[in-house]
Amino acid sequence: MRARAIMVLGTSSHVGKSLLTAALCRIFAQHGHRVAPFKSQNMSLNSAATVEGLEIGRAQALQAEAAGVAPSVNMNPILIKPLGDSSSQIVVRGKIWGRVTAADYHLRRVEELLPTVRESYAALASQYDVIVLEGAGSPAEINLKQHDIANMRMAEIADAHCLLVGDIDRGGVFASLLGTLELLEPDERERIQGFAINKFRGDVNLLWPGIQIIEERVQKLCLGVVPYLHKLMLEEEDSLGLSVMARKQWSQDECSDRAINRPLRIAVIALPSFSNFTDFDSLRAEPSVSLLFCHTVDAVAQADIVILPGSKQTVDDLLWMREQGLDIAVQQYARVGLVVGVCGGMQMLGEVITDPLGMEHQGSVSGLGLLPIRTIMKSDKVTRNTTGKMASKILFGQLVEEVAVSGYEIHIGETLYADDAAPFATLSADSLSSGVRKDGCINPDARILGTYLHGLFDDDGFRHQFLRAARAFRKLAAPQELVLWKEGREESMNRLAQEVEKSLDMKTIFSWAGLSYEGTATTGALDRSKCSRQKDTSDEQ
């Protein structure tokens, strides 16, 4: 049986396609249908590991979670990881395929990889009732459209009914909707069955004049207006999300060291090639934390904890830190402060990074020398989910309970330990390895640590112990409230699905998949009778 396909397209990047796709996956699953997400080509530095130890975009892993199914490489057969402004690493079906320039990829490699995309989609479509596809950027990027396999071409392959989404929070939503449709070919416009407006704040009825005009102009119905949803514990898709979250400095109250109940100040260095910034969403959600993505020496000096995050270009980002004076700032801070390195950030904390094959940056570069480790870049990427426990019961100089750790590894470096180096954690055997493995490193007084585990802070037990120990080290009161992150994510997923189901015309959307909708939200949030009355009054005048 071939699955029916629905596709979520956007007028631009960051209009909310990823979360709306996740919401539709959850809604179809809640109504008892087998559903899976699909994005043929995703450009992102946020990725996740599948059960088989392969790599896909983080958004597709979230969407699979929403659908209640295990993430698969077939859900995201091509992942593009930018290496700068003009080249990228291409991951195909979860493994490194090559490194190419933007021009080479768009002009030649896309057609070469199209059969792989077709095969992955066919494999999914044979297993599920409904596939919810997500587009990439905008379908109206006319300079790239000839070789675009993520939008209208994929819609044709899947024979998908398409929903076009615009973001009103960024402004210009009506122009964006109209312009996008105007730039499509007639057969492509025909595939778009309706549009929706996302991230609305205020009284939806005030939108009616604009909705009425745009419906008449494009000859398509608005299927609903989705409200702006605050405090969703669901990750952003790309670096645009990071720019929205970033702040330049802490407030005066946050910088006051006199109040023992003040937030714990965590500075995460915003590296140019920052990868998997979703690692810190759970920390940001904690009421006892004020987390700053920063790139200034002053922010480092003011922090209670400094974190060096993952990086797609570890050596280049380390050299950038030196240009900014951040290397010296972190080294000076580390004499008395708390420092954490995650993945590439841990590699930077070591003594040297050697890249003999030029996987990221040819040659050797000295690290910050804060941990007795050295890293050699290899051609094979390690990608796996893993669990274990902290190797010591001392963290930041504080005694902690035996703490389990969990997360996923995505890296190409092999880290070697000096004779006196102590691991941060011991990890259990998995399908890719036998016996207990060492992870990361921690210095003798347990103030500086590194780990390869992305998602480490998502584990409630570890994160809570981490915060208690850090606050105690800083002579701050224990946190008065602690978040249950995984429980909160599930609540957020259900809240997202509930709001989208209330806001959109689900009867119509279900009909696109050849299914009957048995819920109550059949007309979305729009009161068309009010629209008709407004129109009649206008005609009389």
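All values below were derived from every heavy atom in this structure, side-chain atoms included, with hydrogens, water molecules and symmetry-related copies excluded. None of these values were measured; they are calculated from a predicted model.
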Any non-hydrogen side-chain atom of [X] less than 4.5 Å from a side-chain atom of [Y]?
X: Y128; Y: V35; answer: no
X: F466; Y: V403; answer: no
X: M390; Y: V405; answer: yes
X: V91; Y: I78; answer: no
X: I412; Y: V382; answer: no
X: L9; Y: M152; answer: yes
X: F274; Y: P309; answer: yes
X: Q193; Y: M7; answer: no

Worked verdict on K507 versus E518 for salt bridge (charged side-chain N to carboxylate O under 4.0 Å, His left out): CA-CA 8 Å; K507 183 176 181 180; E518 297 179 358; over 6 Å; no

Report yes or no: does [X] contribute a side-chain atom to a donor-acceptor pair with the main-chain N or O of [Y] at less than 3.5 Å?
X: R34; Y: Q127; result: yes
X: S120; Y: V117; result: no
X: R474; Y: I260; result: no
X: S511; Y: G514; result: no
X: D304; Y: R265; result: yes
X: N76; Y: G57; result: yes
X: T451; Y: L453; result: yes
X: K199; Y: R170; result: no
X: D317; Y: S311; result: no
X: N385; Y: A49; result: yes

Please give me the minimum heavy-atom distance between [X] and [Y], naming the atom from each residue.
X: A5; Y: Y121; value: CB-OH, 3.3 Å
X: A48; Y: A61; value: CB-CB, 3.7 Å
X: L207; Y: I168; value: CD2-CD1, 3.5 Å
X: R4; Y: A513; value: CG-O, 3.1 Å
X: M506; Y: L24; value: CE-CD2, 4.0 Å
X: V483; Y: D460; value: O-OD1, 3.8 Å

In Å, rounded to the nearest 0.5 Å, how long is the span from OG1 of T21 to CD1 of I131? 12.0 Å

Would you compute the distance between atom CG of L496 and atom CG of L229 and round it to the nearest 0.5 angstrom? 6.0 Å

Using the side chain to side chain donor-acceptor pair (under 3.5 Å) criterion, which residues pair with E65? Sequence neighbours excluded. R489

Report the C-alpha distance between K81 and S47 in whole Å, list the side-chain angles of each, state the deciding distance to 0.1 Å, and finish with yes or no for side chain to side chain donor-acceptor pair (under 3.5 Å). CA-CA 9 Å; K81 309 192 83 170; S47 59; 3.3 Å; yes

With a 3.5 Å cut-off and no angle check, do the side chains of [X] and [Y] form a donor-acceptor pair?
X: S288; Y: R471; answer: no
X: T50; Y: E52; answer: yes
X: H464; Y: E401; answer: no
X: Q398; Y: K393; answer: no
X: Q60; Y: Q63; answer: yes
X: N276; Y: R58; answer: no
X: Y408; Y: E55; answer: no
X: S428; Y: R437; answer: no
X: D279; Y: H454; answer: yes

Mark yes when over 12 heavy atoms from residues, nucleotides or ligands other than H295 sit less than 6.0 Å from its NE2; otherwise mark no. no

Look at atom NZ of K389 and say whether more than 12 heavy atoms of other residues, nucleotides or ligands are closer to it than 6.0 Å. no

Tell me whether the guanidinium CZ or amine NZ of R201 lies under 6.0 angstrom from the six-membered ring centre of Y228 and within 45° of its axis. yes

Which of parallel (below 30°), tilted (30 to 60°) and perpendicular (above 60°) describes F280 and F457? tilted

Between [Y] and [X], does any NZ, NE, NH1 or NH2 come within less than 4.0 Å of an OD or OE carboxylate oxygen?
X: E409; Y: R384; answer: yes
X: E491; Y: K486; answer: no
X: R191; Y: D159; answer: yes
X: D148; Y: R153; answer: no

Kindly say whether the aromatic ring centers of Y517 and F510 come within a distance under 6.0 Å. yes

Full working for salt bridge (charged side-chain N to carboxylate O under 4.0 Å, His left out) between K220 and E215: CA-CA 5 Å; K220 297 182 186 298; E215 284 183 333; over 6 Å; no

Test S406 against every option in T387, T386, D459 by the side-chain hydrogen bond (donor to acceptor under 3.5 Å, both in side chains) rule and name the one that passes. D459

